[in-house]
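What follows is a single structure, written as structure tokens, with notes after it.
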Amino acid sequence: MNGKATEEAGSSVGPGAAPAPLEWKFSQVFGERTAGEEVQEVDIISTIEFDKSGDYLATGDRGGRVVLFERTDVKDHEDRRALERLDSPVGRHPEFRYKTEFQSHEPEFDYLKSLEIEEKINKIRWCQTVNGTLILLSTNDKTIKFWKVLEKKVKRISGTNLGPSEHVGDGCLATSSTVSSRVHMLNGGSSERRHGYLSNDFSFPPGGFPSLRLPMVSIYDTSPLARCRRIYAHAHDYHINSISNNSDGETFVSADDLRINLWNLEISNQSFNIVDVKPANMEDLTEVITSAEFHPTHCNTLAYSSSRGFIRLIDLRQSALCDNHSQLFKGQDAPSTKSFFTDIIASISDIKFAKDGRHILSRDYMTLKLWDISMDAGPVATFQVHEYLRPKLCDLYENDSIFDKFECCLSGEGLRVATGSYSNIFRVFGCAAGSNEVTTMEATKAPMRKQVQNSARPTRTLNNSARAVRRGAENTTLEANGNTYDFSSKLLHLAWHPTENSLACAAANSLYMYYA
């Protein structure tokens with residue numbers, strides 16, 4: 001199957017009509033490591049993002065670079081109709097190729113605060129494409145930049161009477177500046193003459209030219225060119241953890257630990273603070289903001305998560321400073337399960353809205369939770385990502401792995417969710433009613449697949465039609481693929497293609513792509 005998503009498919013799936021589990025296959029890898037190769041810190045991928053069409057993919061790394069990939073399988077199948085006439089089956093899945101890269105951020109130093117600012121790209125967000133020009137936002141800890149990537153036309157002069165060997169210069173029109181050469185005289189003087197000047201060596205053919213052809217400038221190639229158009233700076237005292245575009249196409253938000261600012265894309269020297277959780281006395285600080293995301297269709301609705309495991313929904317129409325939330329989503333842990341690590345692992349590292357805007361997916365350290373925005377009593381589904389690590393929380397705390405921030409994503413039709421774990425594995429869960437799909441795969445060219453089919457175990461009933469389920473805790477004594485977990489190799493970043501069942505995953509400096 002090519003995994004083509006259909007609009008509103010998630011709402012049409014009822015009990016007993018759960019889709020069949022997907023068979024994931026390896027598609028491509030970019031930047032694969034050879035055996036024993038040491039990975040440079042600056043090459044490690046720090047964010048991944050598809051554009052809305054799914055035709056372009058952007059990655060950012062710790063070295064401040066943004067790398068763009070473009071889809072090729074659509075363009076390469078122009079002879080599809082001819083093959084169909086021959087009754088030849090055509091299998092198609094997203095295939096990408098390298099397009100361009102550019103240096104988005106450089107390391108800086110804040111002399112007022114004696115603070116070194118890393119060049120690492122924290123987030124990338126695509127904006128609406130205009131006249132074929134790709135537009136995106138990228139941010140490090142302090143500065144957001146607005147980039148345009150356009151196709152620069154490379155021109156050359158053609159159609160003249162001169163032969164190929166007699167063309168002026170190399171025949172290319174690289175710039176509009178005038179180039180001149182200096183000719184030295186015998187008396188020590190010199191004179192300038194422009195390129196294109198016919199020297200005394202030039203001779204007309206016998207009978208002259210039969211016709212005079214005027215030179216023409218023709219385009220013979222294009223090359224991508226990235227230009228930074230705006231810089232949004234000096235608005236955050238703390239590290240920026242997320243940016244999100246608004247559905248109105250005019251504004252976006254940036255969030256740090258204590259504040260969320262609203263920007264207009266056209267204005268870089270002014271922003272509005274819409275959320276401020278900084279207390280008057282910092283000793284009273286109990287939580288920080290971890291992620292912020294705009295609703296996909298309602299430009300006035302914004303969700304943000306906190307380190308206490310809360311998700312707050314705010315309405316920008318209520319007031320200029322949205323200190324009061326319109327909805328609060330929080331999970332309730334059983335008192336018997338509380339421990340020293342409870343508050344640490346409850347911190348939400350990432351949230352994503354479903355495409356229809358009805359559900360929010362959140363990722364904390366141990367679980368994925370799916371929330372219905374019309375029901376704030378609790379999550380409608382909870383997926384255990386690596387429950388077998390619970391006995392090892394003390395070790396994870398000692399080596400700081402417990403503070404790793406894993407991202408999450410949803411499929412375009414909202415039937416499945418995915419996230420990463422240690423040893424470079426990622427897990428895909430079916431979230432449609434009646435689905436028990438759980439797939440675990442390792443991010444390699446020859447992935448080791450373990451299909452886990454567990455019966456859903458209801459934990460509580462929210463109402464007559466919605467039931468919260470908990471899946472994925474297959475065996476707390478087993479480790480992935482029978483091997484010891486490597487906490488130094490972690491799959492933190494992944495993205496789901498917006499219209500097809502295709503996943504892009506980052507393992508250190510390598511970008512792996514899979515399809516179903």
Side-chain angles (χ1 to χ4, degrees), residues 110 112-113 122-128 135-146 229-330 347-348 350-354 357-360 362 371 373-374 376:
D110 188 336
L112 293 177
K113 298 182 179 180
N122 292 339
K123 292 290 179 182
I124 294 174
R125 289 291 182 267
W126 290 90
C127 301
Q128 188 67 37
I135 303 174
L136 50 85
L137 293 168
S138 63
T139 183
N140 65 352
D141 287 339
K142 295 292 184 181
T143 306
I144 307 163
K145 294 187 178 182
F146 180 88
R229 292 302 192 187
R230 296 180 191 90
I231 299 177
Y232 313 88
H234 311 301
H236 288 277
D237 292 330
Y238 305 93
H239 290 177
I240 299 172
N241 53 51
S242 57
I243 54 177
S244 178
N245 299 85
N246 199 341
S247 59
D248 62 9
E250 297 179 357
T251 57
F252 71 95
V253 293
S254 57
D256 63 22
D257 293 341
L258 298 179
R259 294 185 176 93
I260 300 177
N261 293 333
L262 178 68
W263 301 82
N264 189 296
L265 286 169
E266 302 293 331
I267 303 172
S268 60
N269 59 358
Q270 186 181 32
S271 65
F272 297 94
N273 178 229
I274 56 175
V275 175
D276 189 348
V277 300
K278 183 178 180 180
N281 185 355
M282 287 296 287
E283 293 182 358
D284 298 331
L285 183 66
T286 58
E287 63 180 336
V288 295
I289 298 169
T290 57
S291 181
E293 188 86 2
F294 262 120
H295 191 281
T297 56
H298 298 164
C299 62
N300 59 287
T301 303
L302 176 73
Y304 69 93
S305 59
S306 77
S307 57
R308 293 178 62 189
F310 298 165
I311 300 175
R312 292 175 173 85
L313 214 61
I314 61 174
D315 190 336
L316 301 183
R317 298 171 299 183
Q318 288 184 348
S319 62
L321 186 61
C322 302
D323 288 334
N324 298 319
H325 52 265
S326 57
Q327 282 181 277
L328 176 65
F329 305 92
K330 60 180 180 179
S347 176
I348 296 176
D350 190 27
I351 59 172
K352 292 286 193 308
F353 269 102
R358 291 172 49 190
H359 296 87
I360 299 175
S362 67
W371 309 79
I373 63 173
S374 61
D376 53 9

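All values derive from a computational prediction rather than experimental measurement. The figures that follow rest on heavy atoms only: side chains count, while hydrogens, waters and symmetry mates do not.
When only modelled atom types and interatomic distance are considered, Asn261 and Asn273 share a side-chain donor-acceptor pair under 3.5 Å.
Contacts classified as salt bridge (charged side-chain N to carboxylate O under 4.0 Å, His left out) and involving residues 261-274 (residues at least two apart or in different chains) are given here: Arg230-Glu266.
The neighbour count for Gln318 CD, taken as heavy atoms of other residues, nucleotides or ligands under 6.0 Å away, is above 12. Within a 6.0 Å radius of CG in Asp284, more than 12 heavy atoms belonging to other residues, nucleotides or ligands are found.
The side-chain heavy atoms of Asp237 and Leu258, taken from C-beta on, include no pair separated by under 4.5 Å. Side-chain contact between Asn246 and Cys299: present, with at least one pair of heavy atoms (C-beta onward) separated by less than 4.5 Å. With a 4.5 Å cut-off on side-chain heavy atoms, Asn241 and Asp257 count as touching. The closest side-chain heavy-atom distance from Ser242 to Glu293 is not below 4.5 Å.
Partners of Glu250 according to the salt bridge (Lys or Arg N to Asp or Glu O under 4.0 Å) rule, which considers only residues two or more places apart in sequence or in another chain, do not exist here. Under the rule for a ring pair (Phe, Tyr, Trp, His ring centres under 6.0 Å), His239 has no partner lying at least two apart in sequence or in another chain. Qualifying salt bridge (Lys or Arg N to Asp or Glu O under 4.0 Å) partners for Asp276, counting only residues two or more places apart in sequence or in other chains: Arg259. Lys123 is linked by a salt bridge (Lys or Arg N to Asp or Glu O under 4.0 Å) to Glu407, counting only residues two or more places apart in sequence or in another chain. Residues that satisfy the salt bridge (Lys or Arg N to Asp or Glu O under 4.0 Å) test with Lys142, not counting sequence neighbours, are absent from this structure.
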Inset, instruction - Evaluate the criterion side-chain hydrogen bond (donor to acceptor under 3.5 Å, both in side chains) for residue pair Ser305 and Ser291; output intermediate values, then yes/no. - result: CA-CA 5 Å; Ser305 59; Ser291 181; 4.5 Å; no
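Minimum heavy-atom separation, Ala292 to Ser244: O-CB, 3.8 Å. Residues His295 and His298 come closest through the heavy atom pair ND1-N, 3.0 Å. In this structure, Leu302 and Phe294 approach most closely via the heavy-atom pair CD1-N, 3.8 Å. Across every non-hydrogen atom of Ile348 and Thr290, the tightest pair is O-OG1, 2.6 Å. Heavy atoms only, all atoms of each residue included: Ser247 and Pro296 are closest at CB-O, 3.3 Å. The heavy-atom pair separating Met282 from Tyr238 by the smallest distance is CE-OH, 4.2 Å.
To the nearest 0.5 angstrom, Ile373 atom CD1 is 11.5 Å from Ile311 atom CD1. Atom CG in Leu313 sits 11.0 Å away from atom SG in Cys322 (nearest 0.5 Å). We find the CD1-OH distance between Ile267 and Tyr232 to be 9.5 Å, quoted to the nearest 0.5 Å. Rounding to the nearest 0.5 angstrom, the gap separating the CZ atom in Phe310 from the NZ atom in Lys330 is 5.0 Å. Interatomic distance, Ile360 CD1 to Lys352 NZ, rounded to the nearest 0.5 Å: 12.0 Å. Taking CZ of Arg125 as the reference point, atom OG of Ser254 lies at 12.0 Å (rounded to 0.5 Å).
Only one option out of Ile274, Val253, Thr301 pairs with Leu316 in a side chain to side chain contact (heavy atoms under 4.5 Å, CB included); it is Ile274.
Aromatic ring pairs are classed by plane angle as parallel below 30°, tilted from 30° to 60° and perpendicular above 60°; the pair Phe252 and Trp263 is parallel.
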